[in-house]
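Heads up: the structure comes next, in structure tokens.
Residue numbering restarts at 1 for every chain, and letters A, B, ... go by the order of the sequence lines. The shown structure was predicted, so the numbers you read here are calculated from the model rather than taken from an experiment.
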Amino acid sequence: MLGALKMNRLNTLRMIWIIATGILLFRLIYLQGLQGRTYRNLAEKNRLRLIVEEAPRGLVVDRQGVVLATNQTFYRVAIIPQELEDLSSIVETLSLLTHQPIDRLQENYRKARSLPFLPATVLTRLSKDQALHLEEERWRMPGLLVKPELIRSYPLGSTAAHLLGYVSQPNPQELGRLKSLGLSPAGLVGRYGLEQYLETDLRGQAGGRVVEVDHRARQVRVVDQQLPRAGQPVSLTIDASLQTLIEQSFQDQPGACVVLDPWTGEILAMVSVPTFSPAVFSMGETKTIRQLLEDINAPLMNRATLGVYTPGSILKLISATAALEHQLINPSTKISCPGSWTLGDRTFHCWNRDGHGVLSLSEAIMHSCNVYFLQVGRKLGAVRLLKTLDQAGCSHRTGWPLGEAAGHLPSRYLTDGEVAMLAIGQGEVLLTPLQAAVMVSAFANGGQKLTPWVVSKIKDRSVNERHSLHPLGWSAKTIETVRRGMIAAVGDPSGTAHRAYDPNVSVAGKTGTAQTHLPGQTHGWFVGFCPVESPRAAMAIVTEHGGSGGDLPAEIARSICEYVVAAGI
Amino acid sequence: MVFRDSQRCWDVSLLVSASILAIAGTAAMISATGTTTPTLAVRHILYLLLGWVSYYTASRRAYPYWMRWMGIAYGCSIFLLVLVLLFGSERLGASRWLSIFGISLQPSEIAKLATIGVLARYLVGQPRPLPPNVVGFSLGLVALPLLLIFLQPDLGSASIFGAFWLGMVWVAGISPRMLMTGVGVSAGLLPFGWWLLKDYQRQRLMIFLHPDADPLGAGYNIIQSTIAIGSGQWWGRGWAAGTQNRLRFVPERHSDFIFCIIGEEWGFLGCMIVIVAFGVLLFRALRIAQQSPVPLGRLLAVGIASWIAYQALVNLGMVMGLIPVVGVPLPLLSYGGSSMIVVWTALGFLESIHRTQRPHGGL
């Protein structure tokens with residue numbers, strides 16, 4: 001009996017063992033059999049690290065090859081958490097050497113720290129001198145790492161900032177999307193302008209190494225390696241010198257200017273004032289960025305394509321064209337301007353209260369006579385006027401790829417008075433400077449509508465085949481008549497655009513002084529082209545609340561025309 | 001008791017299964033330490049040879065001879081355990097080793113076998129079911145080394161004493177009711193035990209419950225060891241080809257986590273060989289206990305069997321992430337001279353018990 005008891009009790013121990021081993025067996029089948037693949041992947045992830053090497057971003061050059069955007073080598077300072085001995089002493093030394101507050105360095109480290117073997121960046125954008133200095137003192141700071149980084153830079157500062165755009169660090173929401181596109185989170189991303197539009201060409205392809213590491217993330221060997229492919233260089237149609245010249249001539253007066261080749265649509269210059277320095281974004285200067293974002297003058301907005309302005313008298317060119325095309329007037333039609341004109345119970349005044357006397361069409365354009373064009377508008381009526389405005393590209397996007405406003409034309413019923421006002425460019429009508437430049441190009445190229453473009457080459461591949469000219473169907477005679485008025489406006493000493501006159505260049509132009517919703521505040525316009533005989537540049541200039549179009553805009557036009565002829569564009 | 005027919009009656013399965021485990025351990029050891037600290041592998045082989053020598057020596061004499069020394073061994077190990085607490089060399093936050101003349105010694109290993117010996121001697125001839133005072137005194141015999149080891153602190157090793165005590169008093173005939181009462185009371189006291197634990201032990205328990213809470217800190221061991229075992233899949237990555245091993249992601253891979261190397265490099269197949277070998281070893285030990293004509297041999301065999309089985313189960317459960325990390329080596333495989341020699345000596349005792357049953361021709 002005792003023997004049986006003993007046997008039983010040994011069997012209890014055997015049972016316990018069998019049950020326990022059974023559990024272990026199931027666990028092994030689970031770990032190695034069912035989840036084996038997952039754990040194999042985890043083991044691979046443990047040992048393999050991808051070290052990304054950013055590709056240098058493609059250069060951007062102007063039509064002469066002047067570099068507008070390039071890359072500059074800066075240095076970043078990182079701390080490798082697992083090699084760190086004493087954070088506070090490192091931070092203290094670092095603070096002394098770089099003149100950065102200790103708190104900020106510690107905060108940066110705390111935020112950037114992720115895995116013990118991944119360097120946590122505490123400072124970026126250090127100059128070479130600073131980096132060398134730190135490198136000399138590095139022996140005092142175990143765990144510190146100084147490595148080069150390529151930062152987008154713009155040698156001409158703020159020149160063509162709105163065209164070029166900027167790059168900046170991707171934000172956390174974008175990281176996921178970027179990763180799915182194969183972009184590494186470390187690199188800067190094009191955010192605005194051409195930097196954004198040409199992102200795929202400019203970015204290039206990041207390279208890197210797959211490194212086998214041990215448990216302390218020390219490199220054991222390189223498993224695979226791929227060199228980064230640099231971004232493709234991009235050539236633009238703009239002329240950097242012309243661009244700078246125009247930017248300077250605005251003298252901080254808010255406004256915009258577009259200069260283009262009326263035969264091809266190439267943008268020669270595109271200016272928007274106030275401007276900004278794109279390097280601020282790639283350098284991550286948060287304080288300046290915030291100022292830019294909060295500035296009520298919206299310096300980040302490209303006024304040349306997104307700014308919409310009441311056109312004022314520059315629209316008289318289209319009114320004249322419409323009236324000529326519909327044969328309501330001919331070049332010799334004379335209309336008298338007594339200084340005012342009454343329609344129903346409403347009296348409209350000419351800008352010259354004394355009146356212009358009896359005027360032909362080209363004289364009316366030259367003097368920008370309101371009474372003449374009010375009457376032309378009245379004769380045309382809403383349908384014919386709006387049709388021609390529509391033809392000339394008002395309220396249509398020009399096909400500009402970097403974002404543009406469509407402008408505005410009224411689509412509701414217009415009273416006779418409103419139609420007359422529309423003919424002198426007042427009322428419910430808005431244009432972007434780019435639209436104005438496209439519109440005036442038609443008078444330079446014999447009545448053809450063009451599509452503006454700015455990227456001429458990506459690497460060696462020409463990308464301008466998409467531009468083309470579309471005839472508007474206006475007769476040569478009409479165009480010649482309007483041109484004569486534009487030439488007189490500049491060339492005649494009493495012409496409104498005479499400030500654009502230069503004895504060495506023949507310039508055709510038309511000014512505009514558009515009333516705004518602010519009493520006494522007017523937008524000044526100048527549209528025109530040069531040289532008259534064989535136009536090489538058409539332009540539109542607007543100064544925001546900048547007084548008369550005959551003043552600063554006409555002067556800027558003169559500088560442009562002088563440059564165009566001198567530089568032989 | 002006279003030894004007869006000593007040349008004829010080797011328990012081959014016992015020796016072979018134990019040797020398979022030891023050789024598997026050695027192969028894993030070479031893979032784990034070969035490129036970094038090859039001296040460890042060399043020493044491991046040396047310890048194994050010493051282990052075989054002690055196995056042979058122990059098996060050559062009738063175990064009652066050795067049992068006579070157990071009282072002295074017990075006394076010495078208690079003394080050494082006290083010395084460890086006073087002068088022990090600290091490693092990983094615990095004092096477990098004693099350096100004597102340049103040889104480092106782990107007294108808790110000696111204390112295991114010595115305590116099993118004195119416990120067996122004490123329980124022989126006690127009435128069944130065991131009276132409470134006998135249970136109490138036997139518990140006292142175990143509690144003394146257990147507490148000294150617990151203070152090192154070494155929760156894992158301390159629990160081994162509880163395990164073989166349970167096995168031995170169970171076979172010695174404790175009444176199930178008393179056992180249940182004891183278990184009930186212990187379970188009731190368990191929450192108070194929380195206060196006795198060191199911070200790192202509490203942390204280990206919490207990590208066991210949430211290993212992913214701090215994957216690079218305290219949960220690292222469990223995660224890396226399960227990755228190593230799992231990545232071995234069915235057939236393993238090949239000897240010395242495990243990345244978790246070679247790149248040192250598995251911590252303590254030559255000692256407590258040696259099974260990870262087998263899991264990673266030899267896969268499910270290798271793991272099964274180890275588990276089956278342990279199964280054969282245990283069943284042989286219990287068979288020897290069963291066939292022993294005298295209670296002393298039976299109790300000694302049961303004590304040794306429950307010790308090795310428990311320690312193996314705890315270690316395997318730990319590296320597979322089934323139970324919290326307690327620093328318990330895998331018998332016969334993990335690195336450690338004291339453990340290796342003491343385990344082989346214990347196996348020698350089993351062999352000796354096996355032989356001794358013969359002269360009487362069974363019960």
Side-chain angles (χ1 to χ4, degrees), chain A residues 1-49 81-82 113-118 210-221 223, chain B residues 128 166-167 170-174 215-217 220 223-224 226-237 242-244 246-251 263-264 267-269 271-272 275-276 278-279 282-283 285-287 289-290 295 298 301-302 305-306 309-310 312-314 316-317 320-322 363:
Chain A
M1 192 254 154
L2 276 180
L5 177 75
K6 279 173 238 151
M7 297 272 268
N8 261 339
R9 293 207 161 185
L10 286 175
N11 279 341
T12 318
L13 299 183
R14 291 189 178 107
M15 282 310 295
I16 293 173
W17 170 265
I18 287 168
I19 292 167
T21 319
I23 294 170
L24 292 181
L25 197 65
F26 277 115
R27 178 66 172 171
L28 278 178
I29 290 172
Y30 172 78
L31 287 178
Q32 301 185 305
L34 303 178
Q35 296 289 316
R37 197 178 286 268
T38 316
Y39 283 110
R40 179 70 62 91
N41 287 341
L42 285 173
E44 292 297 284
K45 253 164 77 182
N46 257 346
R47 77 178 178 108
L48 299 176
R49 290 278 132 63
Q82 67 182 10
R113 203 209 121 112
S114 54
L115 298 174
F117 46 80
L118 287 184
V210 178
V211 172
E212 186 177 72
V213 297
D214 70 4
H215 66 130
R216 296 197 60 188
R218 285 177 297 221
Q219 181 172 328
V220 177
R221 67 197 173 99
V223 179
Chain B
R128 280 169 180 275
L166 269 177
W170 177 247
V171 173
I174 193 172
L216 290 154
Y220 184 81
I223 290 173
Q224 295 299 346
T226 47
I227 289 175
I229 294 173
S231 67
Q233 298 180 322
W234 293 113
W235 311 111
R237 308 193 72 165
T243 57
Q244 290 285 98
R246 302 299 271 193
L247 300 167
R248 284 177 275 166
F249 286 102
V250 177
E264 184 181 25
F268 183 74
L269 183 71
C271 293
M272 281 314 295
I275 288 174
V276 167
F278 267 118
L282 179 76
F283 274 69
L286 292 178
R287 187 83 190 155
Q290 201 171 333
R298 181 157 55 244
V302 165
S306 12
Y310 172 80
L313 288 176
V314 167
L316 295 178
M320 292 181 204
L322 287 171
L363 279 166

Go through the structure and list residues passing side-chain contact (heavy atoms from CB on, under 4.5 Å) with B:F283, not counting sequence neighbours.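 For B:F283, the residues satisfying side-chain contact (heavy atoms from CB on, under 4.5 Å) (neighbours in sequence not counted) are A:R14, A:W17, A:I18.
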With rounding to the nearest 0.5 Å, note down the distance linking [atom1] in [X] to [atom2] in [Y].
X: B:R287; Y: A:L10; atom1: CZ; atom2: CG; value: 10.5 Å
X: A:L13; Y: B:L282; atom1: CG; atom2: CG; value: 8.0 Å
X: A:T12; Y: B:L286; atom1: OG1; atom2: CG; value: 10.5 Å
X: B:Q224; Y: A:L42; atom1: CD; atom2: CG; value: 9.0 Å
X: B:L269; Y: A:L28; atom1: CG; atom2: CG; value: 11.5 Å

Can you tell me which of [options] forms the most heavy-atom pairs within a distance under 4.5 Å of chain A?
options: B:A289, B:G267, B:G236; result: B:G267
options: B:G167, B:G232, B:C271; result: B:C271
options: B:G279, B:A312, B:S306; result: B:G279
options: B:A305, B:A309, B:A228, B:G317; result: B:A309

Looking only at heavy atoms, which two atoms of A:L24 and B:I275 are closest? And how far apart?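 Here A:L24 and B:I275 meet closest at CB-CD1, 4.4 Å.
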Taking all heavy atoms of A:R9 and all of B:I174, pick out the closest pair and write down the distance.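 Shortest heavy-atom separation between A:R9 and B:I174 comes out as NH1-O, 2.7 Å.
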Count the heavy atoms belonging to other residues, nucleotides or ligands that lie under 6.0 Å from CH2 of B:W235, then report whether that count exceeds 12.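 Open: at most 12 neighbouring heavy atoms sit under 6.0 Å from CH2 of B:W235.
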I would like to know whether A:R40 and B:Q233 meet side-chain hydrogen bond (donor to acceptor under 3.5 Å, both in side chains); could you show each step before the answer? CA-CA 8 Å; A:R40 179 70 62 91; B:Q233 298 180 322; 3.3 Å; yes
Are the side chains of A:Y39 and B:I229 in touch, meaning some heavy atoms are under 4.5 Å apart?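 Side chain of A:Y39 against side chain of B:I229, heavy atoms only: no contact under 4.5 Å found.
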Is there a side-chain contact between A:I16 and B:Y310, using heavy atoms and a 4.5 Å cut-off?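 No, every pair of side-chain atoms sits at 4.5 Å or beyond.
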Is a side-chain N or O of B:W234 found less than 3.5 angstrom from the main chain of A:Q32, in a donor-acceptor match?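 No; zero donor-acceptor contacts below 3.5 Å.
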Assess the residue pair A:F26 and B:L322 against the criterion (side chain to side chain contact (heavy atoms under 4.5 Å, CB included)); give the C-alpha distance rounded to whole Å, side-chain angles, the decisive distance to 0.1 Å, and a yes or no. CA-CA 11 Å; A:F26 277 115; B:L322 287 171; over 6 Å; no
What residues form a salt bridge (Lys or Arg N to Asp or Glu O under 4.0 Å) with A:R27, not counting sequence neighbours?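 Partners of A:R27 by the salt bridge (Lys or Arg N to Asp or Glu O under 4.0 Å) criterion come out as none, since no residue qualifies.
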